[in-house]
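Shown next, in structure tokens, is the structure this report addresses.
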Amino acid sequence: MADRDRVQEILSGTHAVIDLDRYSTNIQLLKQMAGPDRELMAIVKANAYGHGAVECATAAFEAGATYAGVARVDEALDLRRAGVTGRILVIGPPNPAQVRIALVHQIALTVATEESLAAVERAASELGRPATVHLKADTGLHRYGALPELFLALAVRLKNSPHIDFEGLYTHYSSADDATPEPTERQIEIMSALIRQLAEEDAIPRLVHLANSAGIIEGYFPDTNLVRAGIATYGLDPSDEVPVKADFKPVLSLRTVVSRRFTLPAGESVSYNQTYTAEQDEEAASAPIGYADGLERHLSNQGWFTHHGRRCPILGRVCMDQTVIRVPADAREGDLVAVVGDGSMGEMTVREVGEFCLTNTYEPVVRIAVRVPRLFVRNGQMVSWSVPLLGEGGLIEGDRALPVE
Ligand SMILES: *Cc1c(COP(=O)(O)O)cnc(C)c1O
């Protein structure tokens, strides 16, 4: 199928548009904020916060990132399978059964327990090739990380192990996106003390990293040479207290189409459980997007779409696969409708969706479902797409269609 046809297919249904120029610009802005002596790791876990991991990782390396960070070994393998050759760190606890395959594909792993170190050493010695390892300290988040005593012991073992290339050490902030600096300052103090002790053992690896997006914005990156940025690379605020500056632009927009146009008669109710009733005749439309696509059900009777910049309130319950909206009189079947974007045309922003759903800016984008095709744009041109449900080929048309029993 010609590319043009596939793009037309995607544009005729619910889809997300990912602006890779904006993503690259946001990465460059973060690099400037971190200063010339710091590398940037682009965090592309969870399918790049819903934006498309392969395309974002590739664009991040082009924009000057030196590392990609993912949460799971699977995510790292997915990048390798797609031909991403840059450095990748798994920032979560590695699944012990996947340590070997990770090392085969030169994926760096995080160690924070005796068991994870033993698993990595065993696999590396079997493969006859040193494993690249970052050691993570628990300085207050109390999730994955080694508390100070264990951290120091593991660092010395990593430094002396013939099977390990001890490349980095890091910790993760619990509250850099809060207005209060105290929790972060305490974590920095604990980390600084650990680093001083390791310096005495001559066990400081090449890379030391602390800051996430909020930490970069707030300048919490003393004595480090790498920062890890996720949410801000996508142009989204880490929190209301710690927003990105105005020159950051949201990368993702979510769009759907009018699938059925109709007049909702006065007195009639819409969607499951009849939670919205028209007081007068209303111009309405259904759109093929629902909570299975990541459009939160909390937006029922609260959120809105836009049709050429005009607000179309959601009427009644958001369903699994469809939603009903009020539309302007000139809306036609097949018209594109904005669901979420940068707000410049009055559409809901990710932050507004988060507020309606009592959550942060991360969850609304991460939840955009696999079945939603992504279109990737550079210089206002579609450069690629990902349609995970159909794969690259889709189905065969015409005479070569497969017979169905
Ligand atoms: C997710 C994550 C990040 C990125 O955080 P943002 O707030 O999105 O910048 C950085 N480091 C670790 C360890 C993480 O888990």
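When a ligand or atom number is given, it counts from 1 through the structure's own listing order.
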Looking at non-hydrogen atoms alone, which of Thr233, Asn212, Val44 comes nearest to atom 5 (O) of ligand 1?
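Answer by nearest heavy atom: Asn212.
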Using a distance-only test with no angle check, is there a side-chain donor-acceptor pair under 3.5 angstrom linking [X] and [Y]?
X	Y	result
Ser161	Glu121	yes
Tyr276	Glu282	yes
Thr110	Tyr170	yes

side-chain contact (heavy atoms from CB on, under 4.5 Å) partner of Glu39, chosen from Arg87, Arg228, His209:
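By the side-chain contact (heavy atoms from CB on, under 4.5 Å) criterion, Glu39 pairs with just one of Arg87, Arg228, His209: Arg87.
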Ser175: what forms a side-chain hydrogen bond (donor to acceptor under 3.5 Å, both in side chains) with it, not counting sequence neighbours?
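Partners of Ser175 under the side-chain hydrogen bond (donor to acceptor under 3.5 Å, both in side chains) test: none.
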When only distance counts, is Lys136 in polar contact with ligand 1, meaning an N/O pair under 3.5 Å?
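Such a contact does not occur with ligand 1.
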N or O contact, Ala214 vs ligand 1, cut-off under 3.5 Å:
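Such a contact does not occur with ligand 1.
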Taking C-beta and beyond as the side chain, do Ile314 and Val324 meet within less than 4.5 Å on heavy atoms?
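Side chain of Ile314 against side chain of Val324, heavy atoms only: no contact under 4.5 Å found.
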Which protein non-hydrogen atom lies closest to [atom], naming both residue and atom, and how far is it?
atom	result
atom 15 (O) of ligand 1	Lys45 NZ, 2.8 Å
atom 10 (C) of ligand 1	Arg228 NE, 3.5 Å
atom 7 (O) of ligand 1	Tyr362 OH, 2.6 Å
atom 12 (C) of ligand 1	His172 CE1, 3.3 Å
atom 8 (O) of ligand 1	Tyr49 OH, 2.6 Å

Where's the contact between Ile231 and ligand 1, heavy-atom distance under 4.0 Å: side chain, backbone, both or neither?
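Answer for Ile231: both.
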I'd like to check which ligand 1 atoms, numbered from 1 as shown, lie under 4.0 Å from a non-hydrogen atom of Ser213.
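Contacts of ligand 1 toward Ser213, numbered from 1: 6 (P), 9 (O).
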I'd like to know whether Arg80 forms a salt bridge (Lys or Arg N to Asp or Glu O under 4.0 Å) with Glu75, so could you lay out the CA-CA distance, the side-chain angles of the two residues, the decisive distance to 0.1 Å, and finally the verdict.
CA-CA 9 Å; Arg80 285 282 183 259; Glu75 295 177 320; over 6 Å; no
Using the rule given for salt bridge (Lys or Arg N to Asp or Glu O under 4.0 Å), can you reason through Glu9 versus Arg6, listing the C-alpha separation, both sets of side-chain angles and the distance that settles it, and then say yes or no?
CA-CA 5 Å; Glu9 240 182 57; Arg6 176 48 68 84; 3.3 Å; yes
Can you find a non-hydrogen atom of Arg143 under 4.0 Å from ligand 1?
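Checking ligand 1 against Arg143, which is what was asked, there is a heavy-atom contact under 4.0 Å.
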